[in-house]
Amino acid sequence: MALKQTKIFYNKLKGKKQLGNEEKPLMKNIEQTDGEQKFECMESSDQSGVLPDLIAPDVEVSGEKVLDILRKILTEQLNPEELDKAAEVLKRWSKRNGVTTDQKEGSFPQNWLCEYLQEIDQFVENYFPTLPAEGPPGSQLEQLQDFLKSTQSKICFEVIRLTPVLEDAGLLVHLTDNYSRHLFTKLDLLLLDRDLSAKEIFCLIMWGKDVFFSPDLQHVFRVYDPLLLTGWFEKAKRKLLPKLKNEISKTLQNILCYEEQHGHNEDSMNEETFIRVYLDVIQCLNAVIENSKAFSNTLMCKAQPLCLKELHRFVQKYVDAEKKHLKKWQPLNTNFVYLFRIISTCRQLRFYAPQLNNPDTNKSDDLLNIKNMLKEMEDHVLSVVQKMMKHLAQDNLRRYFKKGSEQIHVLTEAIQKQCASLPQNDMGKEIQEIFGNVAYDCVSRVYLDCLMKTKIKRLKKRWENVGEKMKEDALNFHNTFKELNGSDDQRNKFLLRMSEVLLCSDVDALKLTCCKLFQDLPEDSEQYVPGLLRWKGVLSERQIREVQETIQVVYPDPNPRCVTRRPLKGLCCCLWCE
């Protein structure tokens, strides 16, 4: 855009005409020796300072006068009409004087060529934008951006302005090379002599990429030595990576500190608090990856293992801090939502970590360690949730079976209340489903344990048909957890299926029912079906043995080493306890 605007401006400038100036030959012969002519400029008759008419092909000027013309061209002391004439003088001088230089377009006498090049050098040095004042790291971004912007605009304007005048005379390449040398000197001073932040270094290299590799600017920002450019980028990347590491580490440490100070305040456990830890971590690391990729895939590949290693350190500190915090609390008094939040944070970071891993460049065990630590933490917190859920279920269901009160509804309402505190988004629904499955498993097992620890005669006096009441309760639980999970999960039919054992009295029908249960729920059936058969009290020992033998024939244990029957005997011995 800057280049386009400069071109438009220059074309307008060039198109303007000076009125009232007549062209007059202002050269006179002052000396002739051995056929060599020298000329000097006559002053304009109107003393307006207008450049003399030097267009005529038989008119020549001295090297000193050409130097003066070049100086006026560079410092914009000529109007557009004079500029055209000056360009013609430079072009003719370079072609008519005989010492050939290594300039592509023309040739000047060697002694005068040095003078002209020095004049260009002095002009670039005098008018090159100055560096901004140095400040603390992280405070120089705005000044840096202003310097780069003004430098780009200045170079674009001057090169485009001077191209029509200097190109044919063979001086344009020296001008662009000189700008290039000055520019890289300034860039080196910024990069190597100043303590820049990672963001400020990113600003530098992205500006360099946009300028030096832009097709529209390549003839303006000409790099006379390509190794100079690649070398500068390499120096920038070497300085950038340690800065990135330190800034990532500092940011992640700040997240941990804030979490330690504010993250355990249960009154503020709103949706923003629930997702804050993993969202802040992911945003920090993603910003580094995206900025690196915007520059080059090579830089991104170097940034990825760096981010993964810093994530590894963060996860280790986070897990240690949360375990320490959980030890301070009485597990049964811990807020469920706080535990849900830890599970969600671990899961999200565990799913995110592989995005930072590049198997081609990263040979460390960082990813494996991250996943293992987070999975272990999830399991640990889920075990706490199970203990709390078991305690809550026991507290309500013991009273329910002992007194026949409505504690079972209090239990379902308490479970629903805990889930209601979760954020209503995809992450919240995912954690709600996990909690629903854990809670249903705890409630079902506590229900069966409390059921079989209560004498069936007492329950028959209260409910008459214990099997129907169990089915009613099981259906109530199933519907509650179906609502929580948003689906008719077969895992939440365990208690409902166990009620079939109590509802079925015919031995042959019971054989079919039990065989189906062992087929669908082998481990749960192994744990509870034998006890239920004895507890219901309508079958003789011979009939119970017959049912069990049928089960063994129809559905033999596929892996007897994994499922032992010994705990079941102990369970059956205590079924008649109050």
Treating Gln304 as the side-chain partner and Asn357 as the backbone partner, does any N or O pair qualify as donor plus acceptor under 3.5 Å? no

For Gly531 against Met452, the heavy-atom pair lying closest together: C-SD, 3.7 Å

Tell me whether the rings of Tyr447 and Tyr400 are parallel (<30°), tilted (30 to 60°) or perpendicular (>60°). tilted

Excluding sequence neighbours, so at least two apart, what forms ring-ring contact (aromatic ring centres under 6.0 Å, His included) with Phe233? Phe295

Under 3.5 Å: donor-acceptor pair, side chain of Glu200, backbone of Leu141: yes

Would you check if the side chain of Asp441 reaches a backbone N or O of Asn437 as a donor-acceptor pair within less than 3.5 Å? no

Stepwise side chain to side chain donor-acceptor pair (under 3.5 Å) check, Ser364 with Asp366: CA-CA 6 Å; Ser364 70; Asp366 289 323; 2.9 Å; yes

Evaluate the side chain to side chain contact (heavy atoms under 4.5 Å, CB included) criterion for residues Tyr440 and Thr480: first the C-alpha distance (whole Å), next the side-chain angles of each, then the deciding distance (0.1 Å), finally the verdict. CA-CA 9 Å; Tyr440 179 82; Thr480 297; over 6 Å; no

Side chain to side chain contact (heavy atoms under 4.5 Å, CB included) between Cys515 and Thr550, worked out: CA-CA 8 Å; Cys515 286; Thr550 302; 4.2 Å; yes

Would you please test Glu483 and Gln416 for side chain to side chain contact (heavy atoms under 4.5 Å, CB included) and show each step? CA-CA 9 Å; Glu483 182 180 345; Gln416 290 172 325; 4.0 Å; yes

Do Glu500 and Arg497 sit within salt-bridge range, that is, some charged N less than 4.0 Å from a carboxylate O? yes

Do the two ring centres, one from Tyr338 and one from His325, sit under 6.0 Å apart? yes

Trp207 side-chain N/O to Phe202 backbone N/O, donor-acceptor pair under 3.5 Å: no

State, to 0.1 Å, how close Ala198 and Glu247 come at their nearest heavy-atom pair, and which atoms those are. N-OE2, 2.8 Å

Keeping the roles fixed (side chain from Lys209, backbone from Ala294), state whether a donor-acceptor pair exists under 3.5 Å. yes

Charged N-O contact under 4.0 Å between Lys375 and Glu378: no

Please enumerate all residues that pass side-chain contact (heavy atoms from CB on, under 4.5 Å) together with Asn372, with sequence neighbours excluded. Leu368

List the atom of Leu517, the atom of Ser525, and the distance in Å for their closest heavy-atom pair. O-OG, 3.0 Å

For Lys245, does its backbone N or O pair with a side-chain atom of Ser249 as donor and acceptor, under 3.5 Å? no

If we ignore hydrogens and angles and just use 3.5 Å, is the side chain of Ser214 paired with the main-chain N or O of Val211 as donor and acceptor? no

Qualifying residues under side-chain hydrogen bond (donor to acceptor under 3.5 Å, both in side chains), relative to Gln418, sequence neighbours excluded: none

Working to the nearest 0.5 Å, report the span between CD of Gln386 and CG of Leu339. 12.0 Å

Going by the rule ring-ring contact (aromatic ring centres under 6.0 Å, His included), which residues pair with Tyr258 if we only count those two or more places apart in sequence or in a different chain? His262

Determine yes or no for a side-chain-to-main-chain donor-acceptor pair under 3.5 angstrom, with Asn479 supplying the side chain and Leu475 the backbone. yes

Any side-chain to backbone donor/acceptor pair from Ser499 onto Leu496? Under 3.5 Å, distance only. yes

Partners meeting side-chain contact (heavy atoms from CB on, under 4.5 Å) with Asn297 (sequence neighbours left out): Lys293, Met300

Counting only heavy atoms not in Lys402, do more than 12 sit closer than 6.0 Å to its NZ atom? no

Looking only at heavy atoms, which two atoms of Phe481 and Gly436 are closest? And how far apart? CD2-O, 3.3 Å

Could you work out, with side-chain contact (heavy atoms from CB on, under 4.5 Å) as the rule, every residue matching Ala509, not counting sequence neighbours? Cys504, Asp506

If you take all heavy atoms of Met377 and Glu322, which pair is closest and at what distance? CE-CB, 3.4 Å

Residues in side-chain contact (heavy atoms from CB on, under 4.5 Å) contact with Cys284, at least two apart in sequence or another chain: Ile248, Thr251, Leu252

Value for NZ (Lys309) from CG (Leu311), rounded to nearest 0.5 Å, stands at 11.5 Å

Pairs touching residues 415-430 that satisfy salt bridge (Lys or Arg N to Asp or Glu O under 4.0 Å), sequence neighbours left out: Arg347-Glu430

Pair Glu234 + Lys237: basic N to acidic O under 4.0 Å: yes

Can you sort out the partners of Lys317 under side-chain hydrogen bond (donor to acceptor under 3.5 Å, both in side chains), two or more places apart, ordered by chain and number? Gln253

Output, in order, the C-alpha distance, side-chain angles, deciding distance and verdict of side chain to side chain contact (heavy atoms under 4.5 Å, CB included) for Val443 and Leu495. CA-CA 9 Å; Val443 168; Leu495 193 59; 5.6 Å; no

Count the heavy atoms belonging to other residues, nucleotides or ligands that lie under 6.0 Å from NZ of Lys250, then report whether that count exceeds 12. no

N-O pairing of Arg276 and Glu259 below 4.0 Å: yes

Should we count NZ of Lys371 as having more than 12 external heavy atoms under 6.0 Å? no

Less than 4.0 Å between a side-chain N and a carboxylate O, is that true for Asp520 and Lys516? yes

Looking at Arg462 and Phe401, would you say the former's side chain and the latter's main chain have a donor-acceptor pair under 3.5 Å? yes

Please list, chain by chain and in numerical order, all residues satisfying side-chain hydrogen bond (donor to acceptor under 3.5 Å, both in side chains) with Asp524, sequence neighbours excluded. Arg445

For the pair Phe494 and Tyr528, name the ring-plane relationship: parallel under 30°, tilted 30 to 60°, perpendicular over 60°. tilted

Under 4.5 Å between any side-chain heavy atoms of Phe314 and Val277, yes or no? yes

Could you pull out all residues at least two apart from His380 that satisfy side-chain hydrogen bond (donor to acceptor under 3.5 Å, both in side chains)? none

Look at atom NZ of Lys390 and say whether more than 12 heavy atoms of other residues, nucleotides or ligands are closer to it than 6.0 Å. no

Can you tell me if CD on Glu468 sees more than 12 non-hydrogen neighbours from other groups inside 6.0 Å? yes

When you look at NZ of Lys239, are more than 12 heavy atoms from neighbouring residues, nucleotides or ligands closer to it than 6.0 Å? yes

Residues which pass ring-ring contact (aromatic ring centres under 6.0 Å, His included) with Phe435, listed by chain and number, not counting sequence neighbours: Phe336, Phe340

